[in-house]
Amino acid sequence: MAKLESLLLAVILTLVAGFACAGDVDRLYVIDCGWAHAVDQSLWSPGVNVGVPIDLSNNCYLMHHTSEGYLLWDTGITDRLAGLPDGQYVQATGQTWHRTQTLVAVLAGLGIKPGDVHYIGISHVHPDHVGNVELFSGSTLIMQKAEWDWGLKLSLKPFRPEHKAQLIEGDKDVFGDGCLTILSTPGHTPGHQSLLVRLKQTGYVVLSGDAVHFASNWEHRRVPGFNTDKAQSAASMEKIARIIAEKHAQLWINHDKPSSDARRHAPEFYE
Ligand SMILES: [Zn+2]
């Protein structure tokens, strides 16, 4: 009987070890990765607030995982803009983009070199999200295969085709411990993805990329006219809403300037 008990105990211990969290995300830095003034917010909210200007924030998010190291979520608008005091106007979207400081300088302030960032998750391949991706030439890009394929068909390639990449299809628990879970949220672009982060003190946070652009669009579930698929966009917002309810998660809308301004930015961090 004692033998049977010790055998059962061994089986239970093995199972517990198998399901235990392999690590934690112990720090999440919100990094200012540029901002834009747009002349007409109805580009993102068709028929609503036509001709009304809006300022948009743009953040990168650096996470430190206790056993896998650094993962950077999005790389922001190109660091080159930091040298342009008046920013750069983009005719297609009626936006003037600015950058106060470079991503590399912010990382250096944290004592981190681009080579220390082993993983880069890309929400999608628009320039305000992949602007600095090639500064991290040795990092593994984690992207949806659909986004990779779509990006490489664009006339201006958002990344080098030979960049090391882990291409996924659908949701993915990145390190297999539930700390960082990529959520497939297509619609803004064909392979758009969001990230569910689990933090010990803060709890769950959804980094929604551009699945939604600002708070009123989230409230009213509005889909920008230039999204690649309207039905997918609506379904992705519902998926995010379901996960938020399930996990009691916070939604951090990347381009929503009022909520972004209220958040702690690097060198401060969330635990
Ligand atoms: Zn964007």
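Atoms within each ligand, like the ligands themselves, are counted from 1 in listed order. Heavy atoms only: backbone and side chains are in, while hydrogens, waters and symmetry mates are out.
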With side-chain contact (heavy atoms from CB on, under 4.5 Å) as the test, pick out the partner of Leu207 among Leu180, Val30, Leu195. Leu195
Indicate yes or no: does Arg263 engage Asp32 in a salt bridge with an N to O separation below 4.0 Å. no
Does the side chain of Gln166 come within less than 4.5 Å of Lys172's, by heavy atoms? yes
Residues that Trp35 engages under ring pair (Phe, Tyr, Trp, His ring centres under 6.0 Å), provided they are two or more places apart: His98
Name all residues meeting the side chain to side chain contact (heavy atoms under 4.5 Å, CB included) criterion together with Leu152; count only those two or more places apart in sequence or in a different chain, and write none if there are none. Trp148, Lys157, Phe159, Pro161
Residue set satisfying side chain to side chain contact (heavy atoms under 4.5 Å, CB included) with His163, at least two apart, ordered chain then number -> Glu134, Leu141, Arg160
What protein N/O/S atoms are found closer than 2.8 Å to the Zn ion (ligand 1)? Asp128 OD2, His129 NE2, Asp210 OD2, His255 NE2
